[in-house]
A.B. asks: 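My questions all concern the structure below.
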Amino acid sequence: MVVDGIRGGEGDDPGLDGDGGNDTIEGQTGSDVLIDGQGADLLLGGDGDSDQHTLSPDGARDEANCGNGANDSAVAIEGVDCANRNCEVRYTPVLAPAPALGSRVLSAPMFSKVLVANRGEIAIRVMRTLEELGVGSVGVYSEPDREAPHARRASEAYLLGPGPAAESYLNVEKLLEVAEQSGAEAVHPGYGFLAENAPFARAVEEAGLTWIGPPADAIDAMGSKTRARELMQAAGVPIVPGTTDPVEDVEAARKIIGESVGYPVAIKAAGGGGGKGFRVAETEKDLEKAFEGAAREGEKFFSDATVYVERYLPDPRHVEVQVLADSHGNVIHLFERDCSVQRRHQKVIEESPAPAVDPELREKIGKIGVDAAKAVNYRSAGTMEGLLQDGEYFFLEMNTRVQVEHCVTEMVTGIDIVREQIKVAAGEELAYGQDDVEIRGHAIECRINAEDASKNFAPAPGRIGNYREPSGPFVRVDSGAEAGYEVLPLYDPMIAKLIVWDSDREFSTRRMLRALDEYAIDGLKTLIPFHKALLASEQWRNGETCRDLMEDKGWLKEIEYPAPAPADDDDEEKVERDYAVEVSGRKFEVKVIGAAGGANGAGPAGPAKKPPKRAQRDKNAGGGPNEVTAPLQGNMWKVHVKEGDEVDEGQLLCVIEAMKMENEITAHKAGTVAELPIEEGKPISSGDPIAVIK
Ligand code: MV4
């Protein structure tokens with residue numbers, strides 16, 4: 001095999017340091033191995049807490065990082081000083097391919113290592129493509145993420161700091177330090193965290209690293225929604241009718257709406273996006289409240305109280321276009337996705353192609369996406385979000401990152417979007433021209449969030465028990481979780497994505513339902529039952545937006561959660577056991593519920609489970625049947641009731657803001673608010689009392 005373009009000999013990278021995946025070799029933790037006559041502790045950092053740092057002594061891998069590639073005959077490492085985590089590693093290249101790639105390495109990798117500044121499923125998603133490219137991955141983790149799958153999946157991983165994102169995944173200084181220490185040449189931010197933070201993109205480049213994302217100026221331009229609207233309008237891209245300049249005050253808004261926009265109207269925060277700082281005024285009567293609400297939320301979340309107004313479209317579809325651009329002036333689109341199924345502006349199901357888009361409209365909105373990208377000198381992967389109403393398409397905002405739902409586009413086009421991002425960042429031309437891109441079949445993605453749809457989509461963190469992912473033809477699971485994994489209230493509750501492909505929407509829906517049935521996540525509540533119910537609905541089948549279902553409290557409440565409750569029940573001791581019985585040679589699975597310990601533990605070795613808590617008791621009701629407790633840590637953003645109020649079951653009690661998300665807390669039963677030990681603006685911890693309802 002000929003491998004060309006391998007550099008080396010002067011202490012630069014061998015070019016072939018792709019990680020084989022899991023470096024852990026059992027039983028090797030902490031062993032000392034001599035490298036070039038130096039007694040280097042092969043446990044990176046010497047912390048002994050995490051297997052991912054353990055050296056693979058088999059010589060099969062030849063990562064550049066210290067603590068790896070200990071085959072003395074193949075790698076010469078000088079000046080190794082791992083103990084202070086300031087590794088200065090020089091080595092000579094080895095002409096052997098990364099093991100996972102076998103003999104399929106066709107050209108030298110563009111980077112030796114890339115730092116993946118993220119966690120969970122997207123970090124793993126990026127690392128997978130890096131490995132395929134023969135590029136090493138540098139993972140990062142917070143203290144509670146020490147054992148998390150993404151940290152183990154990386155070729156090498158580094159601690160950032162304590163759990164709160166501000167001290168870990170958002171810590172720019174620390175991330176740059178890790179980049180330097182590890183010898184990473186580029187940074188991939190994933191989505192969320194620092195992905196659309198222009199100062200971070202600039203800091204990465206100023207540190208001499210490559211930013212795997214769009215130019216910082218494009219992030220800035222699109223970050224201001226008013227500026228984005230102005231730029232798009234100038235580029236001939238249709239925008240939702242309204243203002244492109246900030247609207248000073250309620251009076252100015254009243255005037256503009258009266259003269260041109262009309263009611264109902266959407267008031268949006270200029271620094272917003274994704275529905276943050278978005279209020280609707282049905283009539284002039286609601287205007288002041290909507291204006292002030294949007295401004296306040298903009299100030300709070302984006303330190304920018306500027307708002308603008310748009311005509312409010314009553315039942316639009318959310319249709320977005322994926323674009324790819326390189327630094328040679330090539331811009332293409334990868335068709336559209338429909339993400340109309342949303343809850344509190346969070347997408348929950350996405351699909352491609354969009355059911356309401358015909359080939360003619362597809363071509364038109366694809367061109368809109370390309371024009372929009374060209375207008376901001378875009379590079380990398382990006383998404384033009386828009387609203388589709390009655391066949392009319394309007395630009396809404398541009399997301400300057402890889403999106404959660406990029407996978408459905410990958411499934412219908414066969415293009416690895418992350419691979420294109422990485423290659424484009426390295427200066428390569430896009431591997432595809434517009435005419436090479438075809439859309440084939442239909443893909444659907446369901447977000448697997450640790451949330452309880454029947455409780456107003458309240459986050460439901462906890463520890464996963466048994467875990468089994470679906471599989472089979474055209475099923476893809478991008479997951480950051482596993483058996484025993486604890487979903488922390490600190491981070492986004494999306495733990496995995498299930499993506500399927502089939503020849504058309506109906507088959508794709510059936511395949512998704514089959515895969516959802518196969519997906520077993522015990523120990524906590526997820527959106528799986530919600531997805532099953534929604535995808536089986538007539539509304540979904542008819543290709544509707546499903547807005548009516550998403551707002552139907554009764555329908556949502558019916559989504560019964562079949563998973564067993566965690567084993568902290570104070571009810572009388574009863575256990576559930578699953579048995580297999582055979583009747584006339586046919587196997588039946590039966591569940592036997594009986595008193596605990598009745599069989600003196602001598603029953604068949606089937607898994608014993610506690611029964612579900614009586615009457616679906618609220619997970620929030622940690623302090624007793626009348627008490628509502630905080631399911632997550634955050635800030636008390638709004639209190640909607642007062643002591644003595646009569647509330648209905650499901651009625652909104654308060655809103656907790658956490659990680660820029662609003663989490664509505666509702667009454668678990670009807671009654672009187674007897675106690676309400678909460679206050680707006682105060683921090684609240686997971687498990688803190690919110691209300692007692694009697
Ligand atoms: C809108 C809208 C109606 N009119 N803007 C903004 C962020 C995105 N997550 C949803 N957003 C909307 N912006 C105007 N001028 C309605 C929505 C909207 C929506 C749109 C399509 C499909 C589902 C939706 C759910 C909530 C809000």
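In each ligand, atom 1 is the first atom listed, and ligand 1 is the first ligand listed.
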A.B. asks: How far is atom 5 (N) of ligand 1 from the closest protein heavy atom, and which atom is that?
C.D. replies: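 Here the nearest protein heavy atom works out to K268 NZ, 2.9 Å.
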A.B. asks: Check whether W540 forms a cation-pi arrangement with R505 (NZ or CZ under 6.0 Å from the six-membered ring centre, at most 45° off the ring normal).
C.D. replies: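 Yes; both conditions hold, so R505 lies above the ring face of W540.
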A.B. asks: Going by the atom numbers of ligand 1, which of them fall below 4.0 Å from some non-hydrogen atom of V240?
C.D. replies: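 Those qualifying, in numeric order: 15 (N).
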A.B. asks: Which part of T545 is near ligand 1, with near meaning a heavy atom under 4.0 Å away: side chain, backbone, both or neither?
C.D. replies: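 It is neither; nothing of T545 touches ligand 1.
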A.B. asks: Using 4.0 Å as the upper bound for N to carboxylate O, is an ion pair formed by E297 and K268?
C.D. replies: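 Salt bridge absent between K268 and E297.
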A.B. asks: Any idea which protein heavy atom is nearest atom 8 (C) of ligand 1, and the distance to it?
C.D. replies: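 Heavy-atom neighbour on the protein nearest atom 8 (C) of ligand 1: Q342 OE1, 3.8 Å.
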A.B. asks: Output the list of atoms in ligand 1 that are nearer than 4.0 Å to some heavy atom of H318, sorted by atom number.
C.D. replies: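 Ligand 1 atoms under the 4.0 Å threshold to H318: 21 (C), 22 (C).
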A.B. asks: Less than 3.5 Å apart, any donor N or O on the side chain of N663 or E657 sitting next to an acceptor on the other?
C.D. replies: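 No, no side-chain donor-acceptor contact under 3.5 Å.
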A.B. asks: Determine, for Y308 and R229, whether the Lys NZ or Arg CZ falls below 6.0 Å from the six-membered ring centre while staying within 45 degrees of the axis.
C.D. replies: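 No, R229 does not sit over the ring of Y308.
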A.B. asks: Under 3.5 Å, is there a donor-acceptor pair linking the side chains of R337 and Q403?
C.D. replies: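 Yes, Q403 and R337 have a side-chain donor paired with an acceptor closer than 3.5 Å.
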A.B. asks: Between R317 and E544, is the closest basic N to carboxylate O distance under 4.0 Å?
C.D. replies: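 Result for this pair is no, no salt bridge flagged.
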A.B. asks: Quick one: look up the protein heavy atom nearest atom 24 (C) of ligand 1 and list residue, atom name and how far away it is.
C.D. replies: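 Sorting protein heavy atoms by distance from atom 24 (C) of ligand 1 puts R547 NH2, 3.2 Å first.
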A.B. asks: Is the shortest distance from a Lys or Arg side-chain nitrogen in E320 or K347 to a carboxylate oxygen in the other one below 4.0 Å?
C.D. replies: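 Salt bridge present between E320 and K347.
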A.B. asks: Nearest protein heavy atom to atom 11 (N) of ligand 1, by residue and atom, and its distance?
C.D. replies: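 Closest protein heavy atom to atom 11 (N) of ligand 1: F278 CE2, 3.9 Å.
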A.B. asks: Using a strict cut-off of 4.0 Å, indicate which atoms of ligand 1 neighbour a heavy atom of G275.
C.D. replies: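 What qualifies from ligand 1 is 7 (C).
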A.B. asks: Which protein heavy atom lies closest to atom 4 (N) of ligand 1, and at what distance to 0.1 Å?
C.D. replies: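 Answer for atom 4 (N) of ligand 1: L313 N, 3.0 Å.
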A.B. asks: Y312 versus ligand 1: do any nitrogen or oxygen atoms come within less than 3.5 Å of each other?
C.D. replies: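 Such a contact does not occur with ligand 1.
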A.B. asks: Give the atom numbers and elements of ligand 1 that come within less than 4.0 Å of a heavy atom of E310.
C.D. replies: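 Counting from 1, the qualifying ligand atoms are 5 (N), 14 (C), 15 (N).
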A.B. asks: Please check if any side-chain donor atom of R125 sits under 3.5 Å from a side-chain acceptor atom of H406, or the reverse.
C.D. replies: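 A donor-acceptor contact under 3.5 Å links the two side chains.
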A.B. asks: How close does the nearest protein non-hydrogen atom get to atom 27 (C) of ligand 1, and which residue and atom is it?
C.D. replies: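 Here the closest protein heavy atom is H345 CE1, 3.5 Å.
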A.B. asks: Side chain or backbone, does R311 bring an N or O within less than 3.5 Å of an N or O on ligand 1?
C.D. replies: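 Yes; at least one N/O pair falls below 3.5 Å.
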A.B. asks: Could you check whether E649 pairs with K557 (Lys NZ or Arg NE/NH1/NH2 to Asp/Glu carboxylate O, under 4.0 Å)?
C.D. replies: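 Answer for the salt bridge query: yes.
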A.B. asks: For ligand 1, which atoms have a heavy atom of S340 less than 4.0 angstrom away?
C.D. replies: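 Numbered from 1, ligand 1 contributes 22 (C), 23 (C).
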